[in-house]
Colleague: 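Structure provided below as structure tokens; questions to follow.
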2 protein chains.
Amino acid sequence: MLSKACKYAIRSMLYLAIHADGTKKIGVNKIADDLKTPQPFLAKLLQQLQRDKLVSSMKGPKGGFFLDEKNKENSVWDIVMSIDGAAKFDQCFLGLSKCSDENPCPVHSIAFPFKQRILEDFRDKTIVQWAGEIKNSGKVISLKDIEV
Amino acid sequence: MLSKACKYAIRSMLYLAIHADGTKKIGVNKIADDLKTPQPFLAKLLQQLQRDKLVSSMKGPKGGFFLDEKNKENSVWDIVMSIDGAAKFDQCFLGLSKCSDENPCPVHSIAFPFKQRILEDFRDKTIVQWAGEIKNSGKVISLKDIEV
DNA sequence: TAATAAAAAGACTTTTTTATCCTTAATTAA
DNA sequence: TTAATTAAGGATAAAAAAGTCTTTTTATTA
């Protein structure tokens with residue numbers, strides 16, 4: 001559904017939304033370390049996101065990545081588009097090239113509502129909103145990875 | 001979630017459940033053609049399923065693949081296990097190595113019920129049951145692919 | 001202004017997944 | 001019993017995804 005690349009990207013962006021801002025930037029090393037993602041690979045992804053104006057960066061000492069006010073108003077869906085593209089996400093669970101309410105695969109009735117629900121969340125909530133929910137949730141919602 | 005290989009495998013098996021039996025076997029060429037899957041690749045998959053006793057086959061003219069009574073009592077989950085393995089299916093939507101109710105990723109609350117639901121269906125329904133539902137459903141449920 | 005720290009960029013490598021090809025074995029029917 | 005047909009098996013190839021390395025650019029601070 002989502003490539004590893006895209007999963008890394010989404011987690012990094014939410015991580016930045018929570019931990020970084022214009023005055024406190026965070027470098028790839030730190031991010032990759034916390035999220036347990038391959039460092040140079042993540043660097044590539046952040047570069048890509050930066051090109052698409054989804055994340056901001058500064059070179060040099062005290063430099064790093066952060067989200068400016070505009071970046072924060074983007075959605076998780078924008079990240080998916082930048083890394084995987086829309087087509088990748090919107091695929092039939094059983095691989096039919098044309099799977100719809102009229103022409104459903106055997107699991108369409110289960111898979112479609114789920115995809116819709118995730119899609120809504122991804123498309124309609126801004127990154128700050130996500131970050132807020134993560135921070136204020138009673139549960140300890142994870143972005144950092146704990147290897148098992 | 002599921003590899004292409006696994007999607008091809010599931011569709012072929014349901015296809016066989018509906019269209020073949022001990023007296024009418026179907027060859028890979030016909031299956032691959034209807035399902036629009038790469039023929040030699042599908043052959044490999046059916047071989048694998050045959051080794052795991054999920055599908056039956058006969059060589060020679062009038063030979064081909066079919067499901068015997070035992071095969072029909074297997075589940076779609078058995079196919080997933082044979083081709084992808086359980087681990088592949090049960091992965092966190094955002095890639096956390098440990099994602100659970102106690103340690104949820106930001107989309108766990110949406111993704112988990114979906115995975116459970118699919119898993120139940122895959123595990124608890126036999127292949128004949130699937131086939132029956134597909135045949136008797138009001139809708140035209142697709143296994144064959146129509147390229148767009 | 002020099003040293004340093006960090007991102008940007010591009011080329012490259014490795015691994016995984018998907019897909020093909022070729023030879024052998026089994027079965028059927030003429 | 002021979003020709004035809006179809007699966008089984010193994011080796012290989014191609015494509016995609018994941019990951020690394022090296023050099024260049026930009027900013028900071030001493």
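For the numbers below, each heavy atom of this structure counts, side chains included, while hydrogens, waters and symmetry mates do not. Every chain is numbered from 1 and lettered A, B, ... according to where its sequence line falls, protein lines coming before strand lines.
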Colleague: What is the distance, rounded to the nearest whole Å, between atom CZ of B/F65 and atom C1' of C/dT27?
Modeller: 14 Å
Colleague: Considering only side-chain heavy atoms of B/S57, which listed nucleotide, C/dT4, C/dT27, D/dA8, is closest?
Modeller: D/dA8
Colleague: Can you tell me which nucleotide in C/dA19, D/dA7, D/dA18 comes closest to the side chain of A/A5?
Modeller: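 Between C/dA19, D/dA7, D/dA18, the one nearest the side chain of A/A5 would be D/dA18.
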Colleague: To the side chain of B/K59, which of D/dA7, C/dT28, C/dA8 is closest?
Modeller: D/dA7
Colleague: From CE of A/M58 over to P of D/dT25, roughly how many Å is that when rounded to an integer?
Modeller: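 For the pair A/M58 CE and D/dT25 P, the rounded distance is 19 Å.
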Colleague: With a sphere of 6.0 Å drawn around NZ of A/K62, does it hold more than 12 non-hydrogen atoms of other residues, nucleotides or ligands?
Modeller: no
Colleague: Rounded to whole Å, please give me the gap between CG in A/L46 and C1' in D/dT20.
Modeller: 16 Å
Colleague: If the cut-off is 4.0 Å, is A/Q39 near the phosphate of D/dT20, judged by side-chain N/O to OP1 or OP2?
Modeller: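 For A/Q39, the contact criterion (side-chain N or O under 4.0 Å from OP1 or OP2 of D/dT20) is not met.
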Colleague: Rounded to whole Å, please give me the gap between NZ in B/K36 and C1' in C/dA19.
Modeller: 18 Å
Colleague: Let me spell it out: for each of B/P38 and B/K25, pick the nucleotide of DNA chain C with the closest heavy atom. Which residue's pick is nearer the 5' end?
Modeller: B/P38
Colleague: Across the strands shown, which category fits B/P40 at heavy-atom distances under 4.0 angstrom: base, sugar-phosphate, nothing?
Modeller: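 Base: the residue B/P40, judged by heavy atoms under 4.0 Å, touches a nucleobase.
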Colleague: When you check the phosphate oxygens OP1 and OP2 of C/dA7, does a side-chain N or O of A/Q50 lie under 4.0 Å from one of them?
Modeller: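 Checking A/Q50 against C/dA7: no side-chain N or O falls below 4.0 Å of OP1 or OP2.
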Colleague: Which listed nucleotide (D/dC21, C/dC21, C/dA8) is nearest to the side chain of B/K44?
Modeller: C/dC21
Colleague: Between A/A43 and B/S3, which has a closest nucleotide on DNA chain C that is more 5'?
Modeller: A/A43
Colleague: In terms of side-chain heavy atoms of B/R51, which of D/dA27, C/dA8, D/dG9 is nearest?
Modeller: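 My answer, after comparing the listed nucleotides, is D/dG9.
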Colleague: Please tell me which of the listed nucleotides, D/dA27, D/dA8, C/dA7, lies nearest to the side chain of A/P61?
Modeller: D/dA27
Colleague: How many Å lie between CD on B/Q91 and P on D/dA18, as a whole number?
Modeller: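 These atoms are roughly 11 Å apart.
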Colleague: What is the distance from CD of B/Q47 to C1' of D/dA11, rounded to the nearest Å?
Modeller: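 From B/Q47 CD to D/dA11 C1': 13 Å.
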Colleague: Give the nucleotide from the list D/dA7, C/dT18, D/dT20 with an atom nearest to the side chain of A/F41.
Modeller: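 That would be D/dT20.
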Colleague: Considering only heavy atoms from C-beta outward, does the side chain of A/Y8 approach that of A/P38 to under 4.5 Å?
Modeller: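 They are in side-chain contact.
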Colleague: Grouping I, L, V, M, F, W and Y whenever their side-chain heavy atoms are under 4.5 Å apart, do B/F114 and B/F112 come out in a common cluster?
Modeller: no
Colleague: Check whether any side-chain N or O of A/Y8 sits under 4.0 Å from OP1 or OP2 of D/dG19, and answer yes or no.
Modeller: yes
Colleague: Out of D/dT28, C/dA19, C/dA29, which nucleotide sits closest to the side chain of B/K62?
Modeller: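 Nearest listed nucleotide: C/dA29.
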Colleague: Are the side chains of B/I118 and B/M1 in contact, using a 4.5 Å heavy-atom criterion?
Modeller: no
Colleague: What's the NZ-P distance between B/K88 and C/dT16, to the nearest Å?
Modeller: 12 Å
Colleague: Measure from CG on B/L42 to P on C/dC21 and round the result to the nearest Å.
Modeller: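 Spelled out: CG on B/L42 to P on C/dC21 is 16 Å.
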Colleague: From the options A/N71, A/L49, A/I26, select the one residue that forms a side chain to side chain contact (heavy atoms under 4.5 Å, CB included) with A/L16.
Modeller: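 By the side chain to side chain contact (heavy atoms under 4.5 Å, CB included) criterion, A/L16 pairs with just one of A/N71, A/L49, A/I26: A/I26.
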Colleague: Could you report the tightest heavy-atom contact between A/V128 and A/E73, atom names first, then the distance?
Modeller: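 Shortest heavy-atom separation between A/V128 and A/E73 comes out as CG2-OE2, 3.7 Å.
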